[in-house]
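Dropping a structure here in structure tokens format, bear with me for questions.
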Amino acid sequence: MGIEMKILVTGGAGYIGSHTCVELINAGHEVVIVDNLCNSNIESVKRIREITGKDIEFNEADISDREKMEKIFCNNNFDAVIHFAGLKAVGESCEKPLEYFINNISGTLVMLDIMKKYNVKNIVFSSSATVYGTPKTVPIKEDFPLSVTNPYGRTKLMLEEILQDIYKADNQWNVTLLRYFNPIGAHKSGKIGEDPNGIPNNLLPYITKVAIGELPILNVFANDYPTEDGTCIRDYIHVVDLADGHVKAIESIKDNSGVRIYNLGTGNGYSVLEVIKNFEKASGKQIPFQIADRRAGDVAVCYADSSLAKKELGWEAKYGIEEMCRDSWNWQVNNPKGYGV
Ligand code: NAD
Ligand code: WQD
């Protein structure tokens, strides 16, 4: 579209949101962040300002706080919302399902209601490959059957369905659902990156913490899967590529009335052992690991067919696994304590 837009980024202080803010600003758009900082640090917003040289508006608010959200919408004339805000830990969602349903679903409903009131009907939503459940074949296409195995995944699937219903009732809405595969890596400046609380659940943050000596050893969750080396295969995607996908999605949203659904992945699958090897090469560090039991809920092989995003958005991933590992490591080395809390 090429026209500058004013965009509300919910969850903009988080991992993917912060990288997306940088790419949106680089593409000439104006960004306003709302985040309650439940899984992020205000320092990330300062870093976005540092990288871009722009003074971005930040609002510390929960998306379910109607009063604060109305004020933000009242003060700004938004063209669109990119909606990252949500809780995302699969294991935790099984222990605290209600918390996930309230935060992710109720929070989003309040926000959508306010969007409607202020006539902001363009939304890009963070969905996930988790909505494909256990895929029967790979690569995964957008029209594959959907199913979920945990409350986190259910929040994504339910919100996808809710957004489609909203469009059905009012065709003025433009909804883009982006299903991310496995985002890793960090901005090349080393100023923003993934900063999980406590012991990481995900592979790359765990590896970087082993590499830096904060954790002693990586548990590889089983090597008896039906893959070449027996470890699970995933479609890792550089977070900056993912961020660029949001820029492309937001720039096409007004031209594309309706509901659009895109996989954002590279189309390449890497096993856990291949990721370890690539990380060792990129970092020059050895990663001690041991083979452990399978983790409940893991699927053997998952990678995307992202040709639809290429065809319709003109987007495709540029970075390979080497750059993903290099940039994850660069972020960790430059910020041994993450954002410092
Ligand atoms: P993140 O936790 O780093 O970012 C989410 C942000 O939302 C955090 O800053 C958090 O403080 C904020 N937040 C949460 N609930 C909020 C609320 N009620 N009100 C206001 N702010 C709130 O996570 P991320 O990795 O950047 O993920 C962003 C989105 O992408 C999430 O919706 C997540 O489910 C989705 N997603 C992530 C992955 C992944 O592997 N990281 C994969 C697929 C989809
Ligand atoms: C990757 C591989 C593990 C940690 C999760 C969510 C998914 C999406 C992305 C949000 C798997 C193995 C991991 C470890 C290991 N998030 N592993 N040792 O599970 O593919 O996807 O994040 O939507 O919904 O489920 O990512 O990074 O946890 O695991 O061996 O200590 O690494 O078994 O094969 P996953 P992950």
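Here the structure is a predicted model, which is why all the values come from computation and not from measurement. These numbers come from the heavy atoms of this one structure, side chains and all, not from hydrogens, waters or symmetry mates.
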Worked check of side chain to side chain contact (heavy atoms under 4.5 Å, CB included) between N76 and L8: CA-CA 9 Å; N76 293 284; L8 177 67; over 6 Å; no
Worked verdict on I184 versus I237 for side chain to side chain contact (heavy atoms under 4.5 Å, CB included): CA-CA 6 Å; I184 61 171; I237 173 164; over 6 Å; no
Contacts of type side-chain contact (heavy atoms from CB on, under 4.5 Å), residue I16, not counting sequence neighbours: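 Partners of I16 under the side-chain contact (heavy atoms from CB on, under 4.5 Å) test: T20, F84, Y180, P183, V239, L242, H246.
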Closest contact, heavy atoms only, D35 versus G14: OD2-N, 3.7 Å
Between H83 and S126: side-chain donor-acceptor atoms closer than 3.5 Å: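 The answer is no; no qualifying pair exists.
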Check: V81 and F73 side chains under 4.5 Å, non-hydrogen atoms: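 Yes. Closest side-chain heavy atoms under 4.5 Å.
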ring-ring contact (aromatic ring centres under 6.0 Å, His included) contacts in which one or both residues fall within residues 269-298, not counting sequence neighbours: F279-W329
Reference residue I123; test side-chain contact (heavy atoms from CB on, under 4.5 Å); the match among T10, I82, L112: L112
I63 versus A85, closest heavy-atom pair with distance: CG2-CB, 4.2 Å
Over 12 non-hydrogen atoms of neighbours within 6.0 angstrom of CG in N75: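 Yes, enclosed.
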Verify same cluster id: V247, L308 (apolar side-chain graph, 4.5 Å): yes
Short side-chain donor-acceptor distance under 3.5 Å, N26 and T52: no
Pair Y118 + F78: ring centers closer than 6.0 Å: no
Step-by-step side chain to side chain contact (heavy atoms under 4.5 Å, CB included) determination, I114 to V110: CA-CA 6 Å; I114 296 169; V110 171; 4.0 Å; yes
Any L218 side-chain heavy atom under 4.5 Å of I207 side chain: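 SC-SC contact between L218 and I207 confirmed.
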Short N-O contact, K285 and E280, less than 4.0 angstrom: no
Donor-acceptor side-chain pairing of Q290 and N219 below 3.5 angstrom: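 Note: Q290 and N219 side chains meet the donor-acceptor criterion.
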Smallest separation among heavy atoms of T266 and Y319, with atom names: CG2-O, 4.5 Å
Ring centroid separation F125 to W173 under 6.0 Å: no
Min side-chain heavy-atom separation I33-E57 under 4.5 Å: no
From CA spacing to verdict: side chain to side chain contact (heavy atoms under 4.5 Å, CB included), I162, I105: CA-CA 9 Å; I162 287 167; I105 298 181; 4.2 Å; yes
Residues forming a side-chain contact (heavy atoms from CB on, under 4.5 Å) with E161, sequence neighbours excluded: L157
Atom of N263, atom of S306 and distance for their closest heavy-atom approach: O-OG, 3.1 Å
Side chains of H238 and D327, donor plus acceptor under 3.5 Å: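 A pair is found: one side chain offers a donor N or O, the other an acceptor, under 3.5 Å apart.
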Side chain to side chain donor-acceptor pair (under 3.5 Å) between Q332 and N330, worked out: CA-CA 5 Å; Q332 178 70 77; N330 184 43; over 6 Å; no
Candidates I250, I7, I253 - the one meeting side-chain contact (heavy atoms from CB on, under 4.5 Å) with N122: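 Exactly one option meets the side-chain contact (heavy atoms from CB on, under 4.5 Å) with N122, and it is I253.
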Distance-minimising heavy-atom pair for R234 and A300: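 Minimum heavy-atom separation between R234 and A300: NH1-O, 3.6 Å.
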Within-4.5 Å side-chain heavy-atom neighbours: P151 and F101: yes
Exercise: identify the closest heavy-atom pair between I51 and S189: CD1-OG, 3.6 Å
Lys/Arg N to Asp/Glu carboxylate O, R294 vs D224, below 4.0 Å: yes
Other ILVMFWY residues reachable from L98 by side-chain steps of under 4.5 Å: I102
Main-chain N/O of E142 paired to R179 side chain as donor or acceptor, under 3.5 Å: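 Yes; judged by distance alone, with no hydrogens or angles, the pair exists.
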Ionic contact status for D170 with K121, cut-off 4.0 Å: yes
Non-hydrogen side-chain atoms of I192 and Y339 separated by less than 4.5 Å: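 Heavy-atom side-chain distance check passes, below 4.5 Å.
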K141 atom NZ, over 12 foreign heavy atoms within 6.0 Å: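 Open: at most 12 neighbouring heavy atoms sit under 6.0 Å from NZ of K141.
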Test item: N39 and L87 side chains (from C-beta on) under 4.5 Å apart, heavy atoms: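 Side chain of N39 against side chain of L87, heavy atoms only: no contact under 4.5 Å found.
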Sequence neighbours excluded - ring-ring contact (aromatic ring centres under 6.0 Å, His included) pairs with any residue from residues 188-232: none
Carboxylate-amine/guanidinium proximity below 4.0 Å for E194 and K88: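 Yes, E194 and K88 are salt-bridged.
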K6 atom NZ: more than 12 heavy-atom contacts under 6.0 Å: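 Yes, NZ of K6 has more than 12 neighbouring heavy atoms, counting only those of other groups under 6.0 Å.
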Charged N-O contact under 4.0 Å between R47 and E43: yes
Side-chain heavy-atom pair V175, Q164 within 4.5 angstrom cut-off: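 They are not in contact (no side-chain heavy atoms under 4.5 Å apart), so the answer is no.
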Steps toward salt bridge (charged side-chain N to carboxylate O under 4.0 Å, His left out) verdict (E323, K188): CA-CA 9 Å; E323 288 123 328; K188 64 177 185 311; over 6 Å; no
Summary of salt bridge (Lys or Arg N to Asp or Glu O under 4.0 Å) pairs that have at least one residue in residues 65-86, sequence neighbours excluded: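 Those involving residues 65-86 are R66-D113, E70-K117, D79-K254.
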E312/R260 salt bridge by N-O under 4.0 Å criterion: yes
Donor-acceptor side-chain pairing of Y152 and E92 below 3.5 angstrom: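 Per modelled atom types, Y152 and E92 side chains form no pair under 3.5 Å.
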Flag side-chain contact, heavy atom, 4.5 Å: P196 against P205: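 Touching, per the 4.5 Å side-chain cut-off.
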Pair S271, D229: side-chain N/O donor-acceptor within cut-off below 3.5 Å: yes
Residues D244 and K248 bridged, charged N to O under 4.0 Å: yes
